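These values consider heavy atoms only, across backbone and side chains, with no hydrogens, waters or symmetry-generated copies. For this chain, numbers begin at 1 and follow the sequence in order. All values derive from a computational prediction rather than experimental measurement.
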Amino acid sequence: MAHIVAENVSVDFPLYHGSARSLKKTVFARAAGRLGEDNQHRTVVQALRDINFALSAGDRLGLIGTNGAGKTTLLRTLAGIYEPTCGRVIVDGSINALLDTQLGMNPELTGRENILLRGLYSGLSRIRIRQLEEDVQAFAELGAFMDLPVRMYSSGMVVRLGFGLATAINPQVLLMDEWFMAGDARFMSKARGRLENVVQGAEILVLSSHQNDAIRAWCTRLIWLDHGRMRADGAVDEVLELYMGQQRAA
């Protein structure tokens with residue numbers, strides 16, 4: 001059974017030229033007091049501070065907060081892209097991180113080669129990789145472009161390939177940023193059913209979103225992040241009411 005544990009997780013991003021006056025002025029304006037200093041006396045942005053939660057099979061967690069609150073940073077930390085400065089993250093189960101349609105693709109390789117690499121990375125058999133290739137090819141509708149380098153694709157073709165790849169493998173743990181759901185209406189009407197199948201098939205979902213409808217439809221628990229810290233953690237409607245009340249007051 002899949003599970004996730006985040007224990008006292010903090011993430012800092014060093015500013016290697018943090019002594020420059022103009023840079024400090026900009027960072028202070030954007031970081032709203034989230035600057036600190038690490039043990040090497042470097043100026044750092046404190047992206048996450050003291051994050052604690054645990055998830056088990058069946059949990060559907062939503063992350064809300066204003067831009068810069070730390071939602072995407074937390075997703076990337078759970079995915080293993082960022083390493084905690086302190087604390088630890090334990091993830092048991094296969095992971096699929098729907099954070100960016102181009103995440104993990106090599107633009108110098110062909111579409112077919114990117115599919116092969118994704119299948120090998122996921123530990124699929126040759127037969128299953130062949131099925132993956134057929135599935136993504138049918139969804140992306142790339143035709144002869146499947147055998148051309150991805151760098152030659154239009155932006156729309158890259159999105160179709162990346163989306164097809166990311167939603168072709170059902171993980172135990174699904175991490176998803178709402179940016180992944182962005183796209184023109186025609187494409188999303190085709191892709192929504194495919195995405196919902198992946199969401200429903202995952203044992204654990206962690207979704208970052210500003211869309212209250214998506215949060216209510218897919219999540220059973222909600223964490224409100226504010227300046228990198230957990231402001232509230234609980235039932236979806238309760239936390240949404242607190243968050244929306246603060247937004248109205250602001």
Side-chain angles (χ1 to χ4, degrees), residues 1-13 46-65 69-105 114 117-125 128-129 132 162-163 165-181 194-209 214-215 217-226 228-236 239:
M1 301 287 281
H3 73 269
I4 297 175
V5 177
E7 295 181 347
N8 303 315
V9 173
S10 295
V11 174
D12 293 340
F13 295 124
Q46 298 172 335
L48 293 176
R49 274 293 171 272
D50 303 320
I51 304 298
N52 289 277
F53 63 86
L55 302 172
S56 56
D59 286 337
R60 297 286 189 265
L61 175 66
L63 304 175
I64 59 170
K71 303 185 299 297
T72 298
T73 299
L74 179 54
L75 285 176
R76 289 175 175 265
T77 304
L78 296 176
I81 298 171
Y82 297 153
E83 184 176 351
T85 306
C86 63
R88 64 174 183 165
V89 171
I90 302 171
V91 179
D92 186 11
S94 60
I95 299 176
N96 196 356
L98 308 189
L99 308 180
D100 184 327
T101 51
Q102 298 183 50
L103 187 66
M105 285 203 298
N114 271 286
L117 284 181
R118 182 69 62 88
L120 292 173
Y121 176 78
S122 301
L124 302 183
S125 66
R128 181 68 184 89
I129 290 175
L132 175 67
F163 192 99
L165 257 178
T167 55
I169 300 173
N170 290 327
Q172 292 173 291
V173 176
L174 180 62
L175 310 173
M176 187 164 66
D177 197 313
E178 72 174 357
W179 285 108
F180 191 84
M181 297 184 285
R194 187 179 177 94
L195 180 60
E196 288 178 349
N197 286 337
V198 177
V199 169
Q200 292 170 5
E203 293 183 25
I204 295 175
L205 169 69
V206 183
L207 168 67
S208 165
S209 180
I215 290 289
W218 285 347
C219 300
T220 57
R221 176 181 172 186
L222 198 53
I223 288 178
W224 171 14
L225 291 175
D226 185 29
R229 295 181 181 272
M230 291 175 60
R231 184 81 172 266
D233 177 6
V236 171
V239 177

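- Residues meeting the side-chain hydrogen bond (donor to acceptor under 3.5 Å, both in side chains) test with Arg194, sequence neighbours left out: Asp135, Thr167.
- No side-chain heavy atom of Val11 sits under 4.5 Å from any side-chain heavy atom of Arg76.
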Which donor-acceptor pairs under 3.5 Å do the side chains of residues 80-87 make with protein atoms, sequence neighbours left out?
unit_1: Thr85; atom_1: OG1; unit_2: Asp12; atom_2: N; d: 2.8

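- With sequence neighbours excluded, the residues that form a salt bridge (Lys or Arg N to Asp or Glu O under 4.0 Å) with Glu7 are Arg88.
- Ile51 is not listed as a side-chain neighbour of Thr77, based on a closest heavy-atom distance of 4.5 Å or more.
- Asn52 places a side-chain N or O within 3.5 Å of a backbone atom of Asn8 that can act as its donor or acceptor partner.
- For Arg231, the salt bridge (Lys or Arg N to Asp or Glu O under 4.0 Å) criterion is met by Asp226, not counting sequence neighbours.
- Looking at residues two or more places apart in sequence or on another chain, you find no side-chain hydrogen bond (donor to acceptor under 3.5 Å, both in side chains) involving Thr73.
- Under the 4.5 Å side-chain criterion, counting only non-hydrogen atoms from C-beta, His3 is in contact with Ile90.
- Residues satisfying the ring pair (Phe, Tyr, Trp, His ring centres under 6.0 Å) criterion with Phe53, sequence neighbours excluded, are absent altogether.
- Between Leu225 atom CG and Arg49 atom CZ the span is 13.5 Å, to the nearest 0.5 Å.
- In this structure the side chain of Val173 never reaches within 4.5 angstrom of the side chain of Leu55, judged on heavy atoms.
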